[in-house]
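Basis for what follows: all heavy atoms, side chains included, without hydrogens, waters or symmetry-related copies.
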Amino acid sequence: MRWPADSRALRALIRDPMGLMGLVLVTLFILMAVAAPLLAPYDPVALDVRAKLKAPSFAHWLGTDQLGRDTLSRIIYGARTALTIALTAIGLAGSIGILLGLIAGYGPRWLDAALVLIFDALNSLPMMMFALAIITVLGPGTGTLILVVVLVSIPGYARLIRAQTLSLRSADFILAEQAIGASTPRILLHHLLPNVFGPLCIVLSMDIPVVIMLEAGLSYLNLGVKPPTPSWGNILYDGYTAIRTSSTLVIAAGAPLVLATLGFTFLGEGLRDALDPRFATARPR
Amino acid sequence: MTLLSVQDLALDLPLRGGLLSALNPKARRSLQIFADVSFTLNPGETLGLVGESGSGKTTLARALLGLTPTTHGQIHFAGQPRRTPADFATLRRDTAMMFQDAIASLSPRKTIGALLAEPLTIHGQPAPKAKIAQMLALVGLPADFATRYPHELSGGQARRVGVARALALNPKLVIADEPTAGLDVSVQGEILNLMTDLKTRLNLSYLIISHNLAMVRHVSDRIAVMYLGRLVEIGPTRPTFAQPLHPYSQSLIASEPLPDPRKRRQDLAIKGEIPSLLNRPTACVFQSRCPHVQPICRTDPPTLREISPARFVRCHFAHPTGALS
Amino acid sequence: AEGDTLRIRATADFQCLDPKNMIGELDEIIPRCTQVALVRLGDMRDGNKWQPWGAEKIDWIDPTKIGFTLREGLQWSNGFGPVTPEDVKFSFERIAGSDSAWAYQFEKLDHVEVIDARSGIIHLKEAFAPFMVIALPYYGGNIICKAATEKVGGSYTTEAPAECGPYRFAAWEQNQKVTLTANPDWTGPKPAFATVEIYIVTDDQAAQLAYEADAFDFTKLAVNATAQIKAAMPANSTLIEAQSTRYSWLVINQNAEPLKDIRVRQAIQYAYDSDAVLLGAYDGLATRSTGVVPPTSPFTRASNLIQTRDVEKAKALLAEAGVSDLTLTLVALTDSTTQAIAQIFQANMAEAGITIEIQPTEDAAYWAAGDKTAGDGYKSLELALMNFAGGIDPTENLVWFRPDQIGIYNWAFFDSAEFESLYQQGLTEQDEAKRKAIFNKMEDLMEASGDFIFICFEPYIAIHHSNIKPVIMADGHPDPVMFTKA
Amino acid sequence: MTQPLLEIDALNVTYTDHGKLAALRGASLTARAGEVIGIVGESGCGKSTLAASVINLLPQAAQVTSGAVRYKGADILTLPPEAQRSLRGQDIAMIFQDPMTAFNPVLTIGAQLLDFQHASPASRAEKLARARTLLSRVGMPDPDLTLRRYPHQLSGGMRQRVAIAAALLMNPTILVADEPTTALDVTMEAQIIHLLRDLRRDYQGAILVITHHLGVVAELCDRVYVMYAGEVVEEALVDDLFHAPRHPYTQALIACDPGHFTDATPILPTIPGRLPDLRNPPTGCAFAARCPLAEPICANPPPRVEISPTQTALCHKAGGRP
Amino acid sequence: MLTYAIKRIALAAVILFVVMLAMYGMVFLVPGDPASVALGPRATPALKAMLTERMGLDQPVAVQIWRFFANAAQGDLGIDVWSKRPVLDQILEAFPQTLLLGVVALSWALTLGITLGVLAVVYRGTLIDRALGLVSVSFISVPSFVVAIYLLLIFAVWLQWLPAIGAGKAGDIPSQIKALILPSLAVGIGWVGYLARMVRASMLEIMAANHIRTARAFGLPERTVVTRYALRLAIVPTISVIAVGLGSILSSAVFVETVFSRPGIGTLITGAVFKRNYPVVMGTVLFTTAFYLLVITAADLLIAKLDPRVRDALAR
Ligand SMILES: Nc1ncnc2c1ncn2[C@@H]1O[C@H](COP(=O)(O)OP(=O)(O)OP(=O)(O)O)[C@@H](O)[C@H]1O
Ligand SMILES: Nc1ncnc2c1ncn2[C@@H]1O[C@H](COP(=O)(O)OP(=O)(O)OP(=O)(O)O)[C@@H](O)[C@H]1O
Ligand SMILES: [Mg+2]
Ligand SMILES: [Mg+2]
């Protein structure tokens with residue numbers, strides 16, 4: 001059975017101005033991604049080289065890119081790729097990282113050693129080489145991109161969780177759960193996880209822009225989105241090459257990235273505070 | 001048939017030393033937490049475990065449920081030897097434990113309701129709100145406590161939640177580490193009455209660890225006295241309280257403060273140097289504080305021997321009359 | 001230039017200074033300063049005119065013989081004595097027929113005959129007009145010291161065992177900077193600067209900023225930076241806009257299943273919008289090329305066969321071929337210019353109803369895409385954007401489209417016997433007008449096959465302080481020796 | 001009469017986590033130099049809350065709605081934070097109820113005991129020596145080893161003794177001890193009681209002991225406050241508490257103490273009923289629902305009846321004969 | 001603890017082996033050859049074959065690995081296919097630059113990040129906290145190349161205070177320091193935000209714990225409470241994040257190294273991968289892996305040192 005803690009958490013979240021801001025921003029971005037066709041003033045891939053790198057104007061609020069495409073429309077559509085890839089990759093990497101980290105920290109020592117071996121080995125492989133190898137095996141595509149991002153992010157997350165789990169594994173309340181016969185998965189997920197999730201929650205939300213940039217970097221290895229599909233990452237890179245000609249592009253693509261990160265980070269922090277019973281109501285002095 | 005039997009249980013924890021000690025296994029020091037612990041517990045019986053603070057009671061209790069590893073000895077529960085984690089996992093279906101630190105043993109991010117429902121759901125029983133309320137009522141807490149978090153409880157309230165959790169499943173054996181510490185005498189009475197009631201109805205066995213001698217005297221059938229990692233005396237409650245045989249038990253029972261300001265004691269019943277864990281006394285562990293110490297106590301370790309029927313004492317000079325010869 | 005120091009920028013560090021194994025930009029710039037070649041080329045903007053350099057006299061004796069006399073007083077460093085025709089012989093013959101990447105330049109070399117201490121004769125297997133500009137001025141044309149090279153085991157990499165040039169290699173900070181200082185023993189024309197500092201900056205954006213921060217006096221720029229730099233010209237600076245020898249084209253593989261029908265290939269040629277590509281990817285700084293022969297060359301073709309875009313015609317051709325819902329994959333390198341071309345091309349084709357999937361590919365995988373030794377993928381490769389820094393003589397650029405290059409560099413499976421025989425004629429023909437006719441015909445054949453779309457010769461953009469006068473070679477590399485103070 | 005060292009005046013504290021929970025409702029208490037004050041009462045009646053308010057370190061969720069805590073005449077609650085801080089640990093020391101989590105898990109006991117003497121001008125060695133002395137005075141074996149150990153490596157009783165030693169480090173004027181001996185065996189408990197008695201004799205401070213162990217009260221305290229549901233229901237000299245309690249709750253409490261019975265009883269006496277819901281505290285007597293003597297009048301707020309200068313009871317019926 | 005350290009080292013050896021094994025597997029998979037990358041169509045088959053042989057890739061994989069480790073054990077990481085320079089020399093030239101960059105960037109991150117994080121905790125819920133939140137999150141989300149370019153523009157082009165490119169003159173310490181400021185900021189700024197948020201998050205949790213109340217009850221100055229009692233605990237989870245980060249800075253600083261034209265391991269390895277210069281790739285990976293393992297092991301030991309509960313859990 002469930003106890004009415006969840007609605008309370010939501011209320012706590014909304015009462016925290018930063019949490020509320022995070023929630024609003026994230027909702028807006030998700031809405032933007034979903035309703036892109038309704039919102040975008042132009043076709044994001046329609047090009048007009050004669051109108052390249054135009055400064056912002058009434059016709060093009062955020063100007064145009066180096067092929068004369070409307071930046072605003074590309075950014076609105078770009079939210080789709082950026083958010084789907086970032087959220088899927090972070091979600092997957094986060095969940096797997098958490099699981100492996102918990103197992104490594106709580107399980108028998110040999111299992112810990114084996115997992116640490118995997119984490120460290122994965123982390124040692126040069127990303128480009130690794131990506132190239134995976135593409136060769138699995139072929140290019142968004143799935144492969146996500147796989148690469150997930151594999152390279154897991155070790156960091158898992159290690160964070162592992163270290164924290166190690167310091168809690170013989171806490172009294174864990175022993176108490178063992179004593180009432182709670183199964184290991186239950187102890188991991190119900191009792192350890194909520195107590196080690198705080199820092200990771202922050203890291204996950206902060207990694208969203210990292211993944212968005214990574215997507216753009218890797219799309220040059222033929223991973224991820226194919227041109228001309230817009231994504232914030234590739235708009236930023238386009239902006240980079242044109243940075244001296246027109247900085248509008250970098251700024252226009254940088255701003256939603258910053259805002260989305262703000263949104264996710266504050267939502268993450270707000271959620272974490274809201275879920276922690278000790279913070280849920282305590283007002284700062 | 002005995003429910004729980006423990007033979008020769010011992011636990012050493014390595015002590016962290018410098019680099020040199022790590023390289024040289026001989027120089028590696030360890031702390032002996034307890035050793036040579038043997039006793040049995042029958043179904044429906046309550047064993048009170050009292051003793052010096054820091055003598056290893058909590059650690060022993062944890063070891064009995066496999067929550068802490070042991071270095072030596074055997075544990076049999078319901079006739080089965082318990083050694084591997086799997087053994088203990090099955091054992092824990094029939095046992096329950098109340099922890100010494102009530103608040104720290106409640107998972108901090110769960111509501112009390114969720115915590116109380118947990119033993120039920122784990123063992124596949126339904127846990128409706130009414131059942132939770134009933135469990136709370138049993139330990140004298142109102143139903144609305146179900147929505148609170150552990151840190152919102154007072155010490156005594158947390159203790160009561162711990163009791164409710166332990167008793168939820170009608171286990172065969174309950175190991176209770178200080179089940180009533182921090183409770184006022186009335187609530188303490190309620191809890192103990194509840195425990196006694198369950199015992200008679202369900203033939204439960206208890207191992208109760210407590211510093212509250214008055215309470216132990218009331219609820220236990222036998223008591224065991226522990227000093228510095230050794231059981232120094234085991235025997236039926238009434239005669240043991242009436243006439244403790246080991247010098248430590250004697251001073252322990254004599255030290256009990258009486259609830260009457262007119263009978264204040266001016267002197268300590270036990271004096272002497274508190275022994276070091278690092279250089280634990282060879283031979284008798286109580287030698288440094290024993291008023292009757294003899295040379296042999298410093299050379300030969302006494303064994304736990306049966307002095308009179310069912311009464312075991314670990315002392316060279318213990319005598320059935322209580323006098324030390 | 002700060003006093004007597006010339007500071008220029010290179011895009012990558014050098015790897016090997018031995019002419020036989022050199023590969024990149026700096027690999028070639030440094031020996032141009034520290035070694036000696038028989039002839040030297042002039043600025044590409046002046047038509048790549050050659051002049052004697054290490055030779056005080058050099059001339060064709062007949063179509064297969066070049067006689068030369070070395071300049072007086074050329075001395076090897078490290079006590080290896082004077083530069084001799086023996087060294088010339090050693091330098092050229094070790095490359096001809098070897099596994100060197102530059103062996104092709106000496107394909108027609110038969111041997112070098114030593115006459116005396118300063119003169120010799122270069123014997124060719126058959127008449128080969130461009131030898132003087134293809135082989136002698138750079139790469140394999142750099143003369144190295146036989147004695148010194150043999151002493152270090154027949155080849156070297158980052159340290160030349162003996163130098164003889166206007167400059168000496170002075171210092172190297174890996175991946176940062178190479179410093180050259182004037183060679184006091186050099187008896188030829190003195191260079192204008194006592195010291196040359198070459199800064200290694202990979203990124204064009206960063207290089208531009210560094211130039212503005214006065215980190216160096218000369219740098220190549222990204223094409224798309226031109227507009228901005230023109231609008232806000234840094235103080236005391238001059239912009240160079242020129243056509244480079246780097247030509248860029250689109251490959252349409254006639255061997256790939258959907259492209260087997262020439263009408264489909266032609267449809268693509270018709271649907272291609274050259275103006276959009278040139279404007280979008282090259283900022284309008286380049287003009288459409290008519291083939292692979294540089295427009296600056298006298299041999300260049302006058303115009304393309306398909307001069308204007310005709311989407312309707314393209315559609316008609318497709319319909320005629322009975323093709324609909326055509327989807328093709330375009331392999332393109334990852335640099336921003338290529339990607340811009342790819343995307344504009346994609347839009348062009350969309351108008352004609354052809355869907356293009358762009359497959360951005362990093363260098364190594366890209367080269368493997370058309371390589372027959374890397375699996376069978378090259379057979380079904382559909383479209384690819386290619387570009388290549390060509391040579392001066394048309395044959396240097398046309399050579400890649402011969403039938404024997406199929407599966408190597410002729411990714412289009414362009415297989416024309418006529419082309420091959422014209423190529424052979426072009427090699428030996430000495431008459432300019434006839435050569436021009438031959439080369440123009442070859443380019444007609446290429447276009448008519450439907451296998452190629454010629455895009456352009458890429459613009460060359462560089463900026464330099466107005467107080468220096470740079471000299472840029474046909475391959476786009478600066479020649480520090482010839483830089484002068486303005 | 002001298003000015004009291006500590007005076008808690010009609011303190012109201014509310015927890016705001018879950019609606020408003022009135023943990024303290026007008027609790028008052030005075031302590032003079034040289035006194036050992038006992039505080040007993042139902043579990044959950046606000047004893048720990050009272051103790052924490054003495055050094056103004058209530059949990060974040062708690063709010064003091066009215067009342068004052070005066071130390072030597074000055075209200076601690078309104079002192080500037082810096083002044084409060086300088087009182088803490090030096091003048092007023094606290095032994096918290098939960099010794100398990102009271103120490104920082106990643107610092108050794110020694111490091112923490114040194115830190116706690118931050119206000120002392122003594123040298124590091126002297127501070128260590130002081131810590132060592134106190135550890136042995138509270139009956140810790142191997143003080144040196146203890147200084148090097150981490151909290152989780154100590155038993156419950158050991159931590160409790162360390163907490164007591166820590167509180168005594170700076171010779172505080174007021175020592176607030178929240179259930180200081182629950183985890184100690186009776187021999188240790190006796191030793192601590194002796195220690196506290198010595199302390200009172202030597203330093204002329206005041207000691208507040210919260211405990212459920214009536215034996216400890218009898219052994220140690222001079223005066224006792226009995227609390228119930230956030231109120232002080234009776235205040236008495238220790239002898240009167242045991243021999244002439246006036247509030248029905250006190251009477252019931254004493255009657256329940258198993259320490260009275262020498263023989264095992266299968267059923268221990270208890271006070272039937274439940275403590276009232278502190279979110280909606282009753283307007284009348286809080287104990288009325290469980291009181292054997294309750295009458296209709298008990299639905300009105302009970303008066304504080306002064307039985308003698310040293311004994312008061314919060315009860316309608318305390319005025320009559322017991 | 002020492003036994004733990006020994007076990008950790010043994011594990012590190014196994015990891016090195018596994019990594020190299022995986023690398024050889026990847027070399028086998030990844031298409032492309034060095035000659036084609038460098039020379040395009042001029043790469044003759046003979047040249048390709050020669051390079052393949054020079055890289056030892058014509059041998060069976062087992063032989064390759066055996067040779068690699070046998071040589072590595074003697075300090076020979078192979079030679080660059082083109083320049084024939086020992087790979088180790090190249091690494092030893094590039095590594096100090098990257099390490100310096102990483103360490104300085106991380107020092108920014110540690111000093112600024114932790115300070116901002118602590119300040120946010122001290123002023124929790126106030127405007128200061130929120131402003132710090134905005135600033136640190138913006139730091140995180142602005143891509144480092146954008147930061148790099150704008151830093152260059154402002155400090156090198158407009159103000160001309162700091163050099164635009166290079167790592168300074170060899171042996172000239174002030175010039176090296178000057179050359180380090182902008183790149184280390186560009187690398188470190190994201191980390192500043194990252195650490196600030198992480199420290200804030202874990203500190204908040206800890207500040208609610210009982211032992212903080214104890215520390216306050218002993219009148220410890222708030223500074224001590226925050227730094228010694230809370231931060232010391234809060235830093236533990238950040239350590240593993242920092243260690244993984246320092247390990248990855250070796251390869252992730254490529255962008256900044258490119259923009260500021262600094263030599264470095266990141267540039268070396270990425271360049272080598274793209275050029276298929278496998279001896280350099282292999283040697284560098286072995287080296288960076290060893291370095292990473294060193295860092296992460298040190299971090300593990302540090303965590304164990306800082307948190308005795310972890311130490312005890314590992315000693316079991
Ligand atoms: N953080 C909190 N939030 C909400 N309620 C709380 C909180 N802490 C304590 N309470 C409630 O306040 C009341 C008084 O608690 P307090 O800890 O002062 O009791 P106590 O007298 O010390 O009890 P015990 O003897 O069991 O320790 C209890 O009913 C408790 O449930
Ligand atoms: N994790 C640990 N590491 C090292 N020593 C430990 C650890 N846990 C307990 N000990 C030591 O084991 C001994 C026994 O502790 P235990 O908690 O079992 O005592 P106890 O009898 O329950 O005491 P109390 O009555 O005070 O609770 C103590 O000396 C304690 O210091
Ligand atoms: Mg214990
Ligand atoms: Mg309490």
Chain E-proximal positions within [range] [heavy-atom distance under 4.5 Å]:
| range | answer |
| --- | --- |
| residues 81-90 of chain D | D:Arg85, D:Arg88, D:Gly89, D:Gln90 |
| residues 107-115 of chain D | D:Leu107, D:Ala111, D:Gln112, D:Asp115 |
| residues 117-134 of chain D | D:His118 |
| residues 138-145 of chain D | none |

Item to check | Structural part of D:Ala102 lying under 4.5 Å from a heavy atom of chain E | outcome: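 Its backbone and side chain both get close to chain E.
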
Item to check | Heavy-atom contact with chain E under 4.5 Å, split by part of D:Phe96 | outcome: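 Contact with chain E: side chain only.
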
Checklist entry - If you look at every heavy atom in D:Ile55 and E:Ala217, which pair is closest and at what distance? => result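 Shortest heavy-atom separation between D:Ile55 and E:Ala217 comes out as CD1-CB, 3.6 Å.
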
Checklist entry - Between D:Tyr150 and E:Pro308, what is the shortest heavy-atom contact and its length? => result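 It is CD2-CG, 3.1 Å.
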
Item to check | chain E interface, residue from D:Ala52, D:Ala166, D:Ala93 that has the most non-hydrogen pairs under 4.5 Å | outcome: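 Most pairs with chain E among the choices: D:Ala166.
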
Next on the checklist: If we ignore hydrogens and angles and just use 3.5 Å, is the side chain of E:Arg216 paired with the main-chain N or O of D:Leu57 as donor and acceptor?
Outcome noted: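 Checking the backbone N and O of D:Leu57 against the side chain of E:Arg216, no donor-acceptor pair under 3.5 Å is found.
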
Next on the checklist: Please identify, among E:Ile212, E:Thr214, E:Leu306, E:Thr224, the residue contributing the most non-hydrogen atom pairs under 4.5 Å to chain D.
Outcome noted: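 Sorted descending by pairs with chain D, the first entry is E:Thr214.
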
Item to check | Spacing of CG belonging to D:Leu58 relative to CZ belonging to E:Arg213, to within rounding of 0.5 Å | outcome: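 Spacing of CG (D:Leu58) from CZ (E:Arg213) equals 9.0 Å.
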
